[in-house]
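By convention in this document, chain letters (A, B, ...) are assigned in the order of the sequence lines, proteins followed by strands, and residues within each chain are numbered from 1.
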2 protein chains.
Amino acid sequence: MTQSTAPAHEASQEALPRQHRHYSIGELARMFEVTPRTIRFYEQEGLLAPRREGQKRIYREKDRVRLKLTLRGKRLGFSLAEIREVVMMYDAMPDGNARQLWRLLEILADKRANLERQLEDIRLMRMELDDVDHRAREVLRGLGHEA
Amino acid sequence: MTQSTAPAHEASQEALPRQHRHYSIGELARMFEVTPRTIRFYEQEGLLAPRREGQKRIYREKDRVRLKLTLRGKRLGFSLAEIREVVMMYDAMPDGNARQLWRLLEILADKRANLERQLEDIRLMRMELDDVDHRAREVLRGLGHEA
DNA sequence: GACGAGGTTTACGTTAACGTAAAGTGCTTG
DNA sequence: CAAGCACTTTACGTTAACGTAAACCTCGTC
């Protein structure tokens with residue numbers, strides 16, 4: 001997250017209906033601007049579970065969404081373990097027992113608290129960036145008069 | 001997690017004068033709930049530059065603020081290198097040449113863009129958490145009827 | 001003067017999240 | 001059929017951000 005050129009965010013083109021239904025690893029990788037290695041790694045970490053057609057991995061819509069959520073979580077500073085925690089429990093929900101569901105609610109509340117704190121952090125950090133920006137511009141004005 | 005007891009109403013005026021003026025590494029560590037090792041590491045990475053009194057490190061108000069900003073940056077997912085980039089240029093500002101100042105403005109814009117994206121990410125993630133929460137509660141209600 | 005509570009340096013260990021070969025499989029295309 | 005993709009597995013390498021351990025000062029105090 002270091003590059004200053006950040007126009008290409010998520011998937012670029014989206015005119016076509018999602019009828020495609022399945023993607024290759026390379027397609028997904030290009031879509032989200034990650035390497036295939038990353039996608040395989042996420043699978044190994046239990047975040048994705050694509051079908052196989054022979055050797056090849058076949059990703060369906062669900063996998064694409066998961067990957068999207070995973071990357072979003074990462075941008076927010078969550079670890080893969082944390083993300084998996086939510087994702088897996090979400091999957092186990094339908095037949096989940098009460099204890100697990102309560103545990104899930106607990107985790108969700110935790111994540112939400114995290115987000116709220118981040119909102120405040122962003123607010124503060126914004127103010128500080130604005131401040132530095134201001135000072136820098138003033139110094140620049142000063143330099144303009146000299147030279 | 002990171003917070004102790006939330007101060008109900010932090011008096012706008014300086015309740016306690018910051019006359020303390022300087023802190024030991026242990027004090028700072030307890031204040032921010034990090035280990036001394038972390039603080040030394042940040043120094044080694046060029047984020048802090050405490051005075052020395054003999055061997056001992058002496059931290060002043062400025063250092064405390066820097067540490068606070070650093071930790072905030074970390075919570076937002078910035079790397080120490082990124083944080084240092086801003087912090088150091090901020091320090092070099094007064095006598096900075098124009099090119100460096102422009103570079104600083106560039107970096108600031110970059111960070112701000114980052115924050116904006118995070119805001120959006122938070123918004124989306126919140127919605128998804130809410131959704132999962134909803135479903136989980138419904139399943140729980142269902143379980144209540146059985147058993 | 002032994003001791004414990006703080007501090008110090010040096011240095012190796014650890015974890016997460018991938019990167020980077022190396023070597024093989026399967027298709028299709030000139 | 002050779003060449004070129006796109007994909008596969010296996011496995012070692014790398015970076016960031018510390019943790020952890022050892023061995024050493026330097027107080028105040030019991």
Side-chain heavy-atom pair [X], [Y] within 4.5 angstrom cut-off:
{"X": "A:V132", "Y": "B:K111", "answer": "no"}
{"X": "B:V139", "Y": "A:D95", "answer": "no"}
{"X": "B:Q118", "Y": "A:M125", "answer": "no"}
{"X": "A:R30", "Y": "A:Y23", "answer": "no"}
{"X": "A:R126", "Y": "B:L119", "answer": "yes"}
{"X": "A:R64", "Y": "A:F32", "answer": "yes"}

Integer-rounded Å distance: C:dT25 C1' and A:E53 CD:
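Computing the A:E53:CD to C:dT25:C1' distance gives 15 Å.
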Please output the side-chain donor-acceptor pairs of residues 46-54 of chain B that fall under 3.5 Å, not counting sequence neighbours, one pair per line with the distance.
| unit_1 | atom_1 | unit_2 | atom_2 | d |
| --- | --- | --- | --- | --- |
| B:R52 | NH1 | B:Q55 | O | 2.8 |

For a side-chain contact (heavy atoms from CB on, under 4.5 Å) check, start with the C-alpha distance between B:Y90 and A:R135, then their side-chain angles and the critical distance, and finish with the verdict.
CA-CA 9 Å; B:Y90 177 82; A:R135 290 168 187 270; 3.5 Å; yes
Pull out every residue in residues 82-91 of chain A that has a heavy atom closer than 4.0 Å to any atom of DNA chain C, ordered by number, or say none.
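Those residues: none at all.
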Separation of B:M89 CE from B:L105 CG (nearest 0.5 Å):
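With rounding to 0.5 Å, CG (B:L105) is 9.0 Å from CE (B:M89).
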Same apolar cluster (I L V M F W Y, side chains within < 4.5 Å links), A:I122/A:L115:
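Cluster IDs for A:I122 and A:L115 match.
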Walk along DNA chain D from 5' to 3' and tell me the first and last nucleotide with an atom closer than 4.0 Å to a non-hydrogen atom of chain B.
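Under 4.0 Å from chain B, the extent on DNA chain D is D:dA17 to D:dT20.
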Which heavy atom of A:I39 sits nearest a heavy atom of A:A29, and at what distance?
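Nearest heavy atoms, A:I39 then A:A29: CD1-N, 3.6 Å.
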Residues two or more places apart in sequence or in another chain: which of them pass salt bridge (charged side-chain N to carboxylate O under 4.0 Å, His left out) with B:R37?
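Checked B:R37 against salt bridge (charged side-chain N to carboxylate O under 4.0 Å, His left out); zero matches.
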Polar atom pairs (N or O), protein with nucleotides 6-9 of chain C, under 3.5 Å:
| unit_1 | atom_1 | unit_2 | atom_2 | d |
| --- | --- | --- | --- | --- |
| C:dG7 | OP1 | B:S24 | OG | 2.9 |
| C:dG7 | OP1 | B:G26 | N | 2.8 |
| C:dT8 | OP1 | B:R57 | N | 2.8 |
| C:dT8 | OP1 | B:R57 | NH1 | 3.1 |
| C:dT8 | OP2 | B:R40 | NE | 3.3 |
| C:dT8 | OP2 | B:R40 | NH2 | 3.0 |
| C:dT8 | O5' | B:R57 | NH1 | 3.4 |
| C:dT9 | OP1 | B:R52 | NH1 | 3.4 |
| C:dT9 | OP1 | B:R52 | NH2 | 3.1 |
| C:dT9 | OP2 | B:R57 | NH1 | 2.8 |
| C:dT9 | OP2 | B:R57 | NH2 | 2.9 |

So how far off straight is the helix from C:dG1-D:dC30 to C:dG30-D:dC1, going by the axes through five pairs at either end, to 10°?
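About 20°, once rounded to a multiple of 10°.
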